[in-house]
Amino acid sequence: MTSRHALVSVLAVILGLAGPLTVARAESVIPAGFAAPPRPAPGVNTVADVEPRVPRPAGEPCVAPLFAPRQFEGVEPVAFSYTPPAACPGPWAKVVLEADFDVTAGRQFDRTAIIHLGGVNLYYGTTMEPRKAIAPAWHVERDVTDYAALLAQPGAGEVLIANVVNETYTGRLTAGARLLFYPASTATPAPAAPQIVQPISGGLARLTKDKDRLAQTVVLPANVERLALDVVAQGQADDEFWYDCVPDHLASDKEGRCGGGAFRQVEVFVDGQRAGLASLFPWIFTGGINPYLWFPAPAPETLNFTPSRIDLTPFAGLVNDGRPHRVEVAVPGVRNYYLVTASLLAWRDAGASSTRGRLLHNTLAAPRETTDARHVQVGEQGLNGRIDTRLAQKGEIAGVLQTSHGEVTTSVRYAMSFSNRQSYVSNDKVQIGRMRQSTRLQVDTRRTDASGTATRREISSYPFSSVTQETITADGTNQTAAVDLTLARTEREVTSDGRVWTRALSNHVAPTAQGQFNRAARRFQNASGSSVQAYRLEDSAIGCYGRTVVVKDNTVVTARDGC
């Protein structure tokens, strides 16, 4: 019998067993303020997107290529040169990155895909796995308007898509990317983008243990008045399945059980002080757990990760003194391994050559953890029993600045809670693994100046549960494997600065997959899967967008729009 983690590898063998994508029915109710992705069409091997496109201003954009469509083969990054569009010198109302991907039919892993410019991350995601008769194609977009200061200058970039092509892994990946610039106008003025966009530690680091850091010493101008860090942290190897990892004393390379426990998050430090945090969404790649769960509707954000923006403004009065200061990013619990990228954003006070300030207080403490694995037994077939992990973390960071427009006080308050329960049954007849996880992070930001007080509350919640079951038939020739899973990303943001703006997001997927593994032939047969994915975004300024996709055996049977 295999362990639960070995089951992940066994199920990943399910490739090339599905027919073409078709659509039975579709309805359309899309508000004018949203741009919906195209509907999946009968017989076309495109991904069943549910997330809306980046909204754009009116008018034709200027297009600046990053790299033309090309095949990616090998493990070395591919360099490109960037030149901003001469016809649109700025300022810009919006800048949008667009990238298109496809992979030929055949056999291939999901691959990490990263685009950097000058070390600053413009895109981070993973690719679709193909099938024997299905060659998926997909499109991604990201709003990069806040990186306008970087994009206004020529630069050098890199694309990282490590793809191995040989007699076994035959799928060939192609990708191309460009930037679209929408000039500012009276109707759509340019936003207050940061004047400084700087990568941390060259833009990408590999963290393999708790003490590893993505780190950079920075020297900032004397008139900085706002500060933020954009971070993406992606688990790789064993840490791809961090939510199933166990305490170190129960870990086993032989049985495929990863260590470090079941908690991961991003923590940021400034000059050694804990300065902010971000919860990690459990991204599941299209080869993750069981490929039959994810085609043609991948899990939320699988193809296009959302960076976490961490507000560091309370530290502005400390780091704008012209001296070197150290910014560090850590992922507690990491074992093997995390790829982390971060970019520092700084806004300058246009009316002053320098700003003066100080940190008022910092009560953000380390997380408090409780892990109970007392009732777990390790047997020849694997684990039996239950592991409960709980963490909580809270605190507030506040700072004050003297600026050209008066005194500004900024406070950021964090409240994080996390729980993970793993239950195991392992014997010579069956192996069952159950996992239920809850992640919640609330961030309250308050800014007070001469004009009054503005507040923003952001609440992120990531409920996740899975059940995997593997059963050996009575004659021992076959084993049946099944997976049931639910995963959601929910967010709510309320901003008040005299006016109130609200945004609420829910992206929920509930797939199942099953198949019979012939132990003698070492292959799956009678494999199947189904999925329901529902996306809903309510914006008080635009309206409500929704899309629900129902999939059965790689076929979209229903695609419905509307809230």
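The first residue of the sequence shown is numbered 1, and numbering continues consecutively from there. This structure is a prediction, so every number in the text was calculated from the model and none was measured.
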May I have the step-by-step check of side chain to side chain contact (heavy atoms under 4.5 Å, CB included) for T439 and Q265, ending in yes or no?
CA-CA 10 Å; T439 306; Q265 73 170 3; over 6 Å; no
Between R142 and V54, does the side chain to side chain contact (heavy atoms under 4.5 Å, CB included) criterion hold? Intermediate values first, please.
CA-CA 7 Å; R142 179 177 165 189; V54 175; 5.7 Å; no
* Full working for side-chain hydrogen bond (donor to acceptor under 3.5 Å, both in side chains) between T486 and S465 -> CA-CA 5 Å; T486 61; S465 66; 2.6 Å; yes
**OP:** Go through T341 and Y124 one step at a time and tell me if the side chain to side chain contact (heavy atoms under 4.5 Å, CB included) criterion holds.
**Re:** CA-CA 9 Å; T341 183; Y124 204 132; 3.8 Å; yes
Note to self: Evaluate R447 against D497 for salt bridge (charged side-chain N to carboxylate O under 4.0 Å, His left out), listing each step before the verdict.
What the structure shows: CA-CA 9 Å; R447 175 186 168 93; D497 57 358; over 6 Å; no
**Asked** E493 and R309: salt bridge (charged side-chain N to carboxylate O under 4.0 Å, His left out), yes or no, with the steps?
**Response** CA-CA 13 Å; E493 181 177 354; R309 177 161 294 182; over 6 Å; no
Open item on the list: Does T455 form a side chain to side chain contact (heavy atoms under 4.5 Å, CB included) with T453? I'd like the steps, not just the answer.
Closed with: CA-CA 7 Å; T455 63; T453 297; 4.1 Å; yes
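A distance-only check finds no donor-acceptor pair linking the side chain of N507 to the backbone of R489 [under 3.5 Å]. Not a single donor-acceptor pair under 3.5 Å links the side chain of S460 to the backbone N or O of L441. Panel note: side chain D444, backbone R413; no donor-acceptor pair is recorded below 3.5 Å. The closest donor-acceptor contact from the side chain of D146 to the backbone of P194 lies at 3.5 Å or more, if one exists at all. When atom types are taken as modelled, the side chain of R257 and the backbone of L250 share a donor-acceptor pair closer than 3.5 angstrom. Not one N or O on the side chain of T389 forms a donor-acceptor pair closer than 3.5 Å with the backbone of S419.
The 12-atom threshold is not exceeded at CZ of R390, counting heavy atoms of other residues, nucleotides or ligands nearer than 6.0 Å. Within a 6.0 Å sphere centred on CZ of R326, heavy atoms belonging to other residues, nucleotides or ligands number more than 12. The number of heavy-atom neighbours closer than 6.0 Å to CZ of R436, taken from other residues, nucleotides and ligands shown, is 12 or below. By the 6.0 Å contact criterion, CZ on R446 is open, its count of non-hydrogen atoms from other residues, nucleotides or ligands being 12 or less.
Listed by chain and residue number, R440, Q442, R457 satisfy the side chain to side chain contact (heavy atoms under 4.5 Å, CB included) test with I459 (two or more places apart in sequence, or in another chain). Remark: E158 pairs with no residue by the salt bridge (Lys or Arg N to Asp or Glu O under 4.0 Å) rule, at least two apart or across chains.
The existence of a salt bridge linking D539 and R503 is excluded, since no basic side-chain nitrogen approaches an acidic carboxylate oxygen closer than 4.0 Å. Note on R178 versus D100: salt bridge recorded, some NZ/NE/NH1/NH2 to OD/OE distance being below 4.0 Å. Salt bridge status for R56 with E98: present, with a side-chain N to carboxylate O gap under 4.0 Å. Between D239 and R264 a salt bridge is recorded (basic side-chain N to carboxylate O distance below 4.0 Å). With salt bridges taken as basic N to acidic carboxylate O contacts below 4.0 Å, one links R335 and D248.
Ring geometry for F305 against F285 counts as parallel: the plane angle stays under 30°, on a 0 to 90° scale with 60° as the upper cut.
Remark: R348 CZ to T403 OG1 distance equals 14.5 Å, nearest 0.5 Å.
Closest heavy-atom contact between P52 and P37: CA-CD, 3.9 Å.
Here F101 and Y123 bring their ring centres to under 6.0 angstrom of each other.
Residue pairs that meet the ring pair (Phe, Tyr, Trp, His ring centres under 6.0 Å) test with at least one member in residues 315-353, sequence neighbours left out, do not exist here.
For R111 and F72, the positive end is not near the middle of the six-membered ring at less than 6.0 Å and at most 45° from its axis.
A donor-acceptor pair shorter than 3.5 Å can be found between the side chains of E369 and T371. Inspection of the S506 and T490 side chains reveals no N or O donor paired with an N or O acceptor under 3.5 Å.
Across F418, W283, F464, Y462, a single residue satisfies ring pair (Phe, Tyr, Trp, His ring centres under 6.0 Å) together with Y243, and that is F464.
Side-chain contact check for V319 versus V327: every heavy-atom pair is 4.5 Å or farther apart.
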